[in-house]
Structures are given as C-alpha cells and as structure tokens.
Amino acid sequence: MLELNFLREHREEAEQRLAKRNIDAKALLDRCRELDDLRRATQTELDGRQSELNTLSRSVGELMKAGKKDEAEAAKARSAEMKNGIAHFKEQLDATEKALQEFLVTIPNAPNAKVPAGKTPEDNVVVMQEGAIPELGPQAKPHWELGEEYGFLHMDLGVKLTGAGFPVYSGQGARLQRALISFFLDKATEAGYLEIIPPHLVNADSAFATGQLPDKEGQMYHAAVDDLYLIPTAEVPITNLYRDEILDADRLPIKNVGYTPCFRREAGSYGAHVRGLNRVHQFDKVEIVRVEKPENSYAALEGMVDHVKGLLRALELPYRQLLLCGGDMGFASAMTYDMEVFSAAQQRWLEVSSISNFETFQSNRLKLRYRGDDKKPRLAHTLNGSALALARIVAALLENNQGPEGIRIPKALQPYTGFALITK
RNA sequence: GGAGAGGUGGCAGAGUGGUCGAAUGCGGCGGUCUUGAAAACCGCUUUACCUACGGGUAACGGGGGUUCGAAUCCCUCCCUCUCCGCCA
C-alpha cells in the first residue's frame, strides 16, 4: 500500500511513476485526494465537537462534586444533544477512512524511475546474460522424461497422492533437492544472512501485510477450518516477523534467509508449457529477505542480485538477468529483476528467481518502522528474492547436464549430493 | 477436546466509573558529579491522526453496548497461559 502522504505531497512524481503500469494514474490520485480531503475535514469537525463534549463531561463531574445538582443536570442534557452530531461525524469519518483504505489497497506500487516502460514480458530488458548454452543435439530429453527414465521423479505418484503438480522425488532426485537446499542456505549464511525456519501456515493478517490478500486470494491454499493460509513463499512469514515493530536504527540492515516449501494454486494454468517441473503447486525455495533504510535499499537490491548470480555460476547454468517493465511487475514491487536459466532440452528460459524492492509498500501495511537519526519512526524498505527456487533449477540442471553416461552434478553441489552423476 | 486464569507503555507491574495516556520499578536517552567509568542525584522517555501550529482527537487484545463521562461495568469475538486428556 502506497503512503498517503507520498501521494499527496509528491503528486506529480506519483502520477508519473504509476503511469508506467499503464493505468489511469490521474483518476486514481484524484479519487484519493477527494477521499482524503473529506477525511481531513470530517476529522477536524469531529475533533472539535468531541473536545467540547469532553469539557462538558468533565464539568458534570465537578458540578456534582460541588453539589450543584441542577447545573449538572443541565449540562447532561446539553451533552445528550451534542451526541447526535458527534455520532454522525464519527460515522462519516469511519466510512471515509474505510473507503480510503479500501481504495488505497487496490493501487499497485509506484515503479521506480529506472523501471522501463512496457506492457508485456516482451518489453522486459535483458540486463546481462552469462554462461554457455549447451548444444545437446536432437536426442536430448526434457526433464520429465529424464526423471521417469532414471526413476527419481514421479509426477504420476503425486497425482495419486494429491493431484497434478505435486511432484514426488525419490533416491538421487530426492537427494538432489536436499543438496540444493543445503547449498543455498550455506551460501546465504556465508553472505551474512540469518537462517530462519518459519511456520508454513500464516493467518490473514500476515497474508494481507505482504500483499497476498486481498487481491491474490486465489493464489493461496486456504485451510478453512482454522482460517490459515499455506504460504506461497517464505517471504510472507519472514517479512511478517517485523510486523508492528519499530526497530532501532542499529538493527538495520536485517538480512534473513529461510527455506520453506511453497504452495501455489496456479488456478487455471494447465497445458504443455507447465509440464513436469515448469510450474507446480508445491516446490521448495530458499528465500532471502532484507529490511533496509530507504537510502540503502537499491544498493541492497543489487547486492541480492549479485548473490543470486554467484549461485547460478556455481551451478554452471546459463542465465540471464531481466529488469521487468512496468506492465510485467508484481503488484507490490517498485522494481524487480527476474533471473532466468536456460533449460536446454525445452529450449526455453525458466524464471528461477525474482528479486524485488518493495520500498515502503509492504512496510506501510506491516507498520514496520525504524527510528531514524531524528528519533522519529519512519517506514523501512523491504526486499526479497529467491535464492533460489528449486523445481525449475532442477529442471534446467537435469536437461543441460544429460549425457550418455548419466546426468552430471555440478562440482559445487557434489559435496552435498555425495555423487557426481545421476545414473539409472 | 475438557476445566480454570489472564490480556495495560520496550519489559515487569499498579489502577475496578470522573484531569488516567495511565502509579511504581527496570531498561533507554540527556545532564550534574568524576582524570575516566561506576554509584548517586536531576530531567526526559508510546503511537497515529487533525490543526487556526496555540493546541486538539483517538488508542489500555478486536468489535459492540451502558453512562454526561469507561483501562475500569455488560455482551461478543480473538489470543495467551496453567492443569487434565490425546499425541510426533
């Protein structure tokens, strides 16, 4: 949720930045202004009347004490009259605040000045690309065939247990998952991130604060009996660790990392492009989360990108970095880099990481603040990124490294897998 | 799941109808003293919103009610803790 003060006081900037989302920013801001003006006027009126009533009520007590019963009764009568007016303005204030709040949560984050204009993924900017794309030849198999052939990935068993998009791994496949998770966690820890193991279910407050609710309701699995949501990413519980906190400045930056399974309904997405591990309902992910002072947040974003690049290099995967255009960015983000790896048998780029700076968009909902040099609470900036998401990394690893003797495991991973080759 | 207790400021903990946004202690910040530090002493120390920038309004788990007036009384929801049961 954007800050009301920002929309008011930096109207021009807000309008320009929001326009990158290809939305009618002017109309949105006009509506905001209108509601906010009404809210302020109402509050001013209400406060004045409330103040009068408070004075009167106090006088009732004093008159009673002084034994002036008649005067006290008169004051009571007068205050009873005032209450109607107060109730009216109170109602109006509540309604206006509610309307304003409901309106504000529908406005997406304002893209940063560096975000390119554009409407579709076609308009995303390739920032850099690195790593040789393997030449596999026509006999190359997509990962779902490899998984079946080698016997470590069982999409069909997942269907039996749960439904489509819930993969079952076994043997070397299972071990590879665990190896990747450990490898990513170790790398993040080396880079100064604090490991967190959070709950995998969250309440509605948490889901709201990071922006999953109310708009992306259909994305999450909901355990209705207890009204809890299965997390779509560790970002949700880990960022919410700091909900309703005012941190001392010396606690920043906060650098957390967490591994969790991630659950996504992905309603309606079926077909060839989502085969195998390309898009699943449950996958494993190691997520890095940072809380930063505003002046440091963009440097932090670049630092997170560098961290992820290091992981991809270590895994010897060809990858590229995209700067998302205004039309392709997530609702809550001010600037997002996507990292994609090339999966050589499918001949396509797969998104394996999305690294975003949310500026104050999440912290405003979270009420996550820190005390600046002037000791006044200010909203912190939050960031997060996948480092990394497993299922697609596995897909690319399998496809790119297939050979006649088996599937090669990158050197950096071998201490974790305990084998150098996946064999039949 | 059953029975009971309780939710107040960073923490601990008072307050059961009227200057209570809230005693006191601890912690934190500033100062006096000191070569320095400690101790001692003094002062300050929640947040949000509105503002004619003088101030004002709101918040004691959430919501509703009673009352001229609610942290205090009533209703309701949520949460936490203790004991019992079940259990990795």
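Proteins come first, then strands; the chains are lettered A, B, ... in the order of their sequence lines, and each starts at number 1.
As rounded to whole Å, 7 Å separates atom P of B:U66 from atom NZ of A:Lys83. Taking atom NZ of A:Lys76 as the reference point, atom P of B:U66 lies 15 Å away to the nearest angstrom. Here the C1' atom of nucleotide B:G61 and the CZ atom of A:Arg243 are 14 Å apart, to the nearest Å. Look at CD1 on A:Ile246: it is 14 Å from C1' on B:G28, rounded to the nearest Å. To the nearest angstrom, C1' of B:U46 lies 15 Å from NZ of A:Lys375. The distance between atom CG of A:Asp250 and atom P of B:G28, rounded to the nearest whole Å, is 13 Å. Between the C1' atom of B:G64 and the NZ atom of A:Lys90 lies a distance of 12 Å, rounded to the nearest Å. With rounding to whole Å, A:Met64 atom CE is found 12 Å from B:G17 atom C1'.
On the P atoms, B:C60 is 12 Å away from B:U8, given to the nearest whole Å. Between B:U47 and B:C42, the distance separating the two C1' atoms is 27 Å to the nearest Å. B:A3 and B:U72 are spaced 28 Å apart, taking the C1' atom of each and rounding to whole Å. With both ends at atom C1', the span from B:C29 to B:G10 equals 13 Å, rounded to whole Å. Here, B:G27 and B:C11 have their P atoms 16 Å apart, quoted to the whole Å. B:C77 sits 42 Å from B:C26 when the P atoms are compared, rounded to a whole Å. Remark: the separation of the P atoms in B:U45 and B:C84 is 47 Å, to the nearest Å. When the C1' atom is compared between B:A22 and B:G2, the two are found 38 Å apart, to the nearest whole Å.
For A:Arg408, the side chain to side chain donor-acceptor pair (under 3.5 Å) partners at least two apart in sequence or on another chain are A:Glu316, A:Asn401.
Base orientation of B:G9: anti, the glycosidic angle falling outside 90° of 0.
With the nearest nucleotide of RNA chain B identified for both A:Leu53 and A:Glu97, A:Glu97 has the one nearer the 5' end. Map A:Glu62 and A:Leu56 each onto its nearest nucleotide of RNA chain B; the residue landing nearer the 5' end is A:Glu62.
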| field | Verdict with reasoning, A:Ile197 to A:Thr260, per side chain to side chain contact (heavy atoms under 4.5 Å, CB included) | value | CA-CA 8 Å; A:Ile197 300 183; A:Thr260 68; over 6 Å; no
| field | Intermediate values then yes/no, ring-ring contact (aromatic ring centres under 6.0 Å, His included), A:Phe331 and A:Phe361 | value | CA-CA 10 Å; A:Phe331 183 79; A:Phe361 193 87; 5.7 Å; yes
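Contact check, A:Arg371 against B:U47: a side-chain N or O comes under 4.0 Å of OP1 or OP2.
Here salt bridge (charged side-chain N to carboxylate O under 4.0 Å, His left out) pairs that include residues 100-115 of chain A, with residues two or more places apart or in two chains, are A:Lys98-A:Glu102. Counting only residues at least two apart or on different chains, the salt bridge (charged side-chain N to carboxylate O under 4.0 Å, His left out) pairs with a member in residues 168-187 of chain A are A:Lys187-A:Glu190.
A 6.0 Å sphere centred on CG of A:Asp306 holds more than 12 heavy atoms belonging to other residues, nucleotides or ligands. The local environment of CD in A:Glu148 is sparse, with at most 12 non-hydrogen atoms from other residues, nucleotides or ligands closer than 6.0 Å.
Checked against a 6.0 Å centroid threshold, the rings of A:His154 and A:Tyr169 do not count as neighbours.
A:Ser79 comes within contact range of the sugar-phosphate backbone alone, with a heavy-atom separation under 4.0 Å but no base atom that close. Within 4.0 Å of A:Arg49, counting heavy atoms only, lies no atom of the nucleic acid at all.
Shortest non-hydrogen contact noted between A:Gln172 and A:Thr423 is OE1-N, 3.1 Å.
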| Which dot-bracket notation, 5' to 3', represents the base pairing of RNA chain B when pairs are defined as Watson-Crick or G-U with both distances under 3.5 Å, crossing pairs as [ ], and inter-strand pairs as |? | ((((((((.[[[..)..(.....]]]((((((.......))))))(((((....))))).[[[[[..)....]]]]])))))))....
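Salt-bridge formation is not detected for the pair A:Glu295/A:Lys293: no Lys NZ or Arg NE/NH1/NH2 atom is positioned less than 4.0 Å from an Asp or Glu carboxylate oxygen. We find that A:Asp244 and A:Arg369 are not joined by a salt bridge, their nearest charged nitrogen and carboxylate oxygen being 4.0 Å or further apart. A salt bridge is defined here as a Lys NZ or Arg NE, NH1 or NH2 lying under 4.0 Å from an Asp or Glu carboxylate O, and A:Asp30 with A:Lys26 meets this definition.
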| remark: In B/S/- notation (B base, S sugar-phosphate only, - none; protein heavy atoms under 4.0 Å), nucleotides 50-57 of chain B written 5' to 3' is SSB---BS
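Distance check: A:Lys90 NZ to A:Lys83 NZ gives 14.0 Å after rounding to the nearest 0.5 Å.
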Just the atom pairs and distances: protein N or O near nucleotides 70-76 of chain B's N or O, under 3.5 Å.
none

